[in-house]
Amino acid sequence: MNTYLFLYHETSFFEVVLAAYFMNTKGRVHILSENKSEIHTNEGVKILVDTTLDEAKLEDIDVLLICGGNINNIRSMEQLHKLIRQCHTGQKIIGGICAGREVVSDALHITDFEDGTQTIGNVILSPGNEYVDFALAVGKAADIYIDEVDYQETVDYFKFFHAPKG
């Protein structure tokens with residue numbers, strides 16, 4: 001399974017780190033951006049880009065996650081909107097968190113979303129402060145958990161800080 005994280009200058013990387021960790025257990029995580037320049041995150045981290053929007057191939061994408069950050073850097077990025085719409089038509093899993101939620105909902109003309117994390121078909125939308133819920137929902141949509149017990153153990157550990165029993 002290929003997960004593509006769309007990152008950009010002044011992105012808030014912490015919002016997708018846990019989702020990337022979960023998705024890496026079932027495939028490969030790729031960093032996607034507008035161009036090949038280094039990404040400078042809000043956390044002061046420099047990230048190298050694997051693939052640009054020009055290079056991305058729809059058939060290679062299983063999950064597309066749009067990170068939050070400075071929305072002014074991506075709000076009117078038509079090439080990103082086009083990829084989101086193509087992924088939606090192709091029944092790919094699409095996640096948007098914080099500013100990414102706004103971009104995904106704009107691209108797909110979703111107007112009535114809730115305040116919290118929600119799944120609408122193959123689309124997961126989340127506010128930035130619910131990055132754990134976002135990661136869990138992305139994993140659930142991608143069917144990465146072995147069974148309901150595995151999912152609940154993951155929820156208990158990452159959301160409620162309860163160590164596994166036994």
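In what follows, residues are counted from 1 in the order of the sequence shown.
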Answer with yes or no whether the hydrophobic clustering places Ile31 together with Ile94; edges join I, L, V, M, F, W, Y residues whose side-chain heavy atoms lie under 4.5 Å apart.
no
Side-chain (Lys92) to main-chain (Ile61) donor-acceptor, under 3.5 angstrom
yes
What's the separation between atom CG in Asn122 and atom CD in Gln91, rounded to the nearest 0.5 Å?
5.0 Å
Please state whether the rings of Phe14 and Tyr131 are parallel, tilted or perpendicular, taking 30° and 60° as the class boundaries.
perpendicular
Does Ile124 share a hydrophobic cluster with Tyr4, counting links as ILVMFWY side-chain heavy atoms below 4.5 Å and allowing steps through other members?
no
Can you confirm whether the side chains of Asn35 and Thr52 place a donor and an acceptor under 3.5 Å from each other?
no
Looking at Arg101, is its backbone amide N or carbonyl O close enough to the side chain of Ser105 to form a donor-acceptor pair, meaning the two atoms are under 3.5 Å apart?
yes
Exam field: side chain Asp133 to backbone Thr117, donor-acceptor pair closer than 3.5 Å
no
Scanning both residues in full, the closest heavy-atom pair of Ile74 with His81 reads O-NE2, 4.4 Å
Taking Glu78 first and then Arg85, would you say they form a salt bridge - that is, a charged N and a carboxylate O separated by under 4.0 Å?
yes
Pairwise distance CG(Asp50) to CD(Glu55) - rounded to 0.5 angstrom
9.5 Å
For the residue pair Val49 and Ser33, what are the closest heavy atoms and their distance?
CG2-CB, 3.7 Å
Within this structure, what is the CD1-CD distance for the pair Ile120 and Glu114, rounded to the nearest 0.5 Å?
7.5 Å
Nearest 0.5 Å, what's the CZ-OG1 distance between Arg28 and Thr3?
11.0 Å
Note: Ala107 and Ile84 closest approach over all heavy atoms is CB-CG2, 3.8 Å
Least distance between heavy atoms, Leu7 atom then Cys67 atom
CD2-CB, 3.7 Å
Using a 4.5 Å cut-off on heavy atoms from C-beta on, say whether the side chain of Ile39 contacts that of Lys46.
no
How about Lys36: does its NZ atom have over 12 heavy atoms from other parts shown lying under 6.0 Å from it?
yes
Indicate, with yes or no, if Leu32 and Val104 share a hydrophobic cluster defined by side-chain heavy-atom contacts under 4.5 Å among Ile, Leu, Val, Met, Phe, Trp and Tyr.
yes
Side chains of Tyr145 and Lys140: closer than 4.5 Å at any heavy-atom pair?
yes
Decide whether Phe160 and Val132 are clustered together by the hydrophobic rule: side chain heavy atoms of Ile, Leu, Val, Met, Phe, Trp, Tyr closer than 4.5 Å, transitively.
yes
Measuring from Ile47:CD1 to His40:NE2, what's the distance to the nearest 0.5 Å?
10.0 Å
Heavy atoms, side chains only, cut-off 4.5 Å: are Phe22 and Leu18 in contact?
yes
For Met1 and Asp62, which heavy atoms make the closest approach, and how far apart are they?
CA-OD2, 3.2 Å
State whether the side chain of Thr11 and the backbone N or O of Gly68 hold a donor-acceptor pair below 3.5 Å, judged by distance alone.
yes
Shortest non-hydrogen contact from Phe134 toward Glu15
CD2-O, 4.0 Å
Using a 3.5 Å distance criterion without hydrogens, assess whether the side chain of Tyr21 forms a donor-acceptor pair with backbone atoms of Ala135.
no
Do you know which of Leu80, Leu5, Ile97 makes side chain to side chain contact (heavy atoms under 4.5 Å, CB included) with Ile66?
Leu80
Stepwise side-chain hydrogen bond (donor to acceptor under 3.5 Å, both in side chains) check, Asn73 with Glu10:
CA-CA 8 Å; Asn73 292 339; Glu10 295 182 285; 3.1 Å; yes
With a cut-off of 6.0 Å (strictly less than), are more than 12 heavy atoms of other residues, nucleotides or ligands near CG of Asp115?
no
Side-chain heavy atoms nearer than 4.5 Å, only ILVMFWY residues, links allowed to pass through others: does that put Phe13 and Val63 together?
yes
Which distance, rounded to the nearest 0.5 Å, do you find between the CG of Leu83 and the CG of Leu58?
7.0 Å
Asp54 and Gln79: side-chain hydrogen bond (donor to acceptor under 3.5 Å, both in side chains), yes or no, with the steps?
CA-CA 8 Å; Asp54 287 335; Gln79 196 171 7; 2.5 Å; yes
Taking Thr41 for its side chain and Glu43 for its backbone only, find out whether a donor-acceptor pair lies under 3.5 Å.
yes
Less than 4.5 Å apart, any side-chain heavy atom of Ile144 and any of Tyr151?
no
